[in-house]
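Indexing begins at 1, ligand by ligand and atom by atom, following the structure's order. Heavy-atom basis, side chains included; hydrogens, waters and symmetry copies ignored.
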Amino acid sequence: MKSATPSVLIWLALLSVLVVGAWFAVTHTTRQWSERDIDLRTELAVSSARRALLSALHGQDTQDLQLLLGDLITDERIMAAAVCDAEGKALAASASYPPVFSCPSLLARVRSAVLSGNKPWRENVPLKQTTVYLAAIPLLEQGELRGFVVLVHDLSFVSRRERSAQLFLLLAFVVLALGSATITLVSSRLLWQAWNKSLRRIAKGETQEVDKRPEFQPLLQDLRDLLDRLAQEEQAEQHGGIWNPQRLKLTLRRHLHGERIIVLANREPYIHQHDAEGGIGVVHPASGLVSALEPVMRACSGVWVAHGAGDADRQTVDAQDHVRVPPGEESYLLRRLWLSEEQERGYYYGFANEGLWPLCHVAHARPTFRTEDWQQYQQVNQKFADAVCQEASSEDPVILVQDYHFALAPRMLRARLPRATIITFWHIPWPNVEQISICPWHRELVEGLLGSSILGFHTQQHCNNFMEAADHFIESRLDREDFAVIRHGQRTLVRAYPISVEWPHHHASEAPPAAQCRAELLAQLQLPPDTLLGIGIDRLDYTKGIEERFRAVERLLEREAALIGRFVFLQIASPSRTQIERYQQVNRDVEELAARINARFGREGWQPILLRRRHTEPADVFRLYRAAQLCYVSSLHDGMNLVAKEYVAAHDDELGVLVLSQFTGASRELREALIVNPYDIEAASGALAQALLMPAEEQTARMRAMRRAISEANVYRWAGRMLIDASRLRRREQLIELLTDQHDYPLARSA
Ligand code: G6P
């Protein structure tokens, strides 16, 4: 709209110049016409009375003259009249004749007018506040001046004429100006709207319905080219070689101008705990989310907002509740938030882990939804969203919201930071419509997540499930081609980004080679050096299928008696969410089962299952992976499962076998693992046997292929792809914003 203003102003200026010119021309012409009109009338009046006037002059008949003058001034434009003789003596005058125009004063002018061709003399003369037109018409007889008639004309009608002509001109100008301005504005507005619509359609990828008018085509083509270039750049980014921390950092700098990232995740990457000696130690939590995201934060820097859950956490933060991490390296900030017991119970244990966790996993644990938990969940989401806003240093920060603890936060953030790029990643499965509708607040969850710019899941199936949920539960439009949900004009891209591990793993260069790790571990466990070692490393969670795993080990020993005394399965189980009854239950069940199997097969100095229920630090976990010839991941349902990928990442000796549940996201990528149904104990035990008997060459071939897959699809690629998609979306949104009416001269700026 504003783009039409300059042309309207120019048009108005031109019109004004024209009007001023016309004003002068009209005034001048009106006066000329009026004077000519007066002259004609004067001559006509005098010439028709000439004879009578001359005879009255001869007879010096003042009475006759007076009558004749009376006739003359019947013309409404003649104010007064007088007759003078050739010597300049006044013979008669109308009553209103101004004495200032005396006959003697006019005689000389009349004579000179006669000498220059018998013309009447005439002039505009000021009289009081006005101007009159004075005309002296000689009365000649045989070339001799006998006298003259003086007529005083009222010129006020000329001024009136001029004024009406000027008024008409002014009106015409106003009508013309208003009319032309309105036409210009309306037509430019319509044109602009049509352009805008077409440009926005192209920017959104809706190329079918763009304006076909030829004058639009060059500009639309430019925009298409620009978008193609963006897409090509993005493709090149995604397929151009191995991702590493440097490339991720560059991507962030190049595509998102190096803005610092704000991560919102419930679990903090470093927990400060008091140790037995009264000091403070750092614990690395057992969390796939943390192990994936931490290397990304080390590469990108920024701030990680999380629940301060350690008993020494408050002692290690500054006044803003910040602490620099990792200890010693200090490449990013950790902002801790404090939760009351009631909040933690309702939000974390209750709604997140007794409600959403069992709801999203097919693991036969009944979800529990309580209104009090839901209220705490809402409040805590708001509390975290507020903290993220405090950490944002611009109005369009890049925020990574993590997992099922914060389904509502994206919408809350969007309300406060409408221009933010919010990337939400859901680390656990997203169930189908029937299942998600079990949650009484399923609509709110979907709406909350749709505050995100990008919503990521591990697998395409979870993306499909979410799209279905959005379709079923809320008023929205689905763009199935672009895989996006559009609600209230805001677009959320729904994408699969399989999470992964860092590559190369930072413990890879520190940990001893596999053979040494195994020898040291077996010595520590007081087992013979030729012991075959299998491993399982999990949080003690009912979704991990630890009982099924033990049963498979039991069956293995039943089938392969030669393994009795030779094979040991080491299970590291980090206690998790221990306040929840279902977790206490799985803890008991696992312990009892291990005890039963050990009692059945165990003998002096050897037990088939070694269950270690304790937290193990990542560096030690890495050595355990290296030491084991076999890793069994038997999750009953798992979004991804990074244990599987970490086991592969640890085996740079290219030996070792991964037995992997078909119900993990990882099984879609690690095809060379022995994929099993963990419920099928017979088949799973068969896979364990196959793994233990597998020739080294086959192990290497499988391990090499899996290592190649992870080295390419590492965690830097996971984050990089999301950031690239976010930046593409951000650029597209900026473009669309430029094309909306709130901005000045959008085309000029985007060009
Ligand atoms: C899963 C969840 C994570 C969580 C982790 C550990 O991987 O997706 O969000 O951090 O488990 O669970 P915890 O409850 O100890 O954080």
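- The ring of H458 has its center closer than 6.0 angstrom to the ring center of F425.
- With distances taken over non-hydrogen atoms, the option nearest atom 11 (O) of ligand 1 out of R577, R267, M640, H427 is R577.
- Heavy-atom proximity to A286, at under 4.0 Å, picks out these atoms of ligand 1: 6 (C).
- When only non-hydrogen protein atoms are considered, atom 7 (O) of ligand 1 lies nearest to G288 N, 4.0 Å.
- Distances shorter than 4.0 angstrom do not occur between any heavy atom of P285 and any atom of ligand 1.
- Close contacts of ligand 1 with H405, meaning ligand atoms under 4.0 Å from a residue heavy atom, involve 9 (O).
- A search for side chain to side chain contact (heavy atoms under 4.5 Å, CB included) contacts involving A650 returns F622, Y625, R626, not counting sequence neighbours.
- Under a 4.0 Å heavy-atom criterion, Q402 is not in contact with ligand 1.
- For A265, no heavy-atom contact with ligand 1 is shorter than 4.0 Å.
- For an aromatic pair to be called close, the ring centres must be under 6.0 Å apart, and W374 with F369 fails this.
- Between W441 and Y377, the gap from one ring centroid to the other reaches at least 6.0 Å.
- Within ligand 1, the atoms closer than 4.0 Å to a non-hydrogen atom of I428 are 8 (O), numbered from 1 in the order shown.
- S287 OG, 3.7 Å is the protein heavy atom nearest to atom 5 (C) of ligand 1.
- Of all protein heavy atoms, the one closest to atom 14 (O) of ligand 1 is Y348 OH, 2.4 Å.
- Residues passing the side-chain hydrogen bond (donor to acceptor under 3.5 Å, both in side chains) test with Y347, sequence neighbours excluded: N266.
- Atom CZ of R577 and atom CZ of R539 lie 4.0 Å apart (nearest 0.5 Å).
- The aromatic ring centroids of W430 and F466 lie less than 6.0 Å from each other.
- Under 4.0 Å from ligand 1, not a single heavy atom of V290 appears.
- For H284 and Y270, the gap between ring centers is short of 6.0 Å.
- The closest heavy-atom contact to atom 3 (C) of ligand 1, among the options N641, D638, D403, T543, comes from D403.
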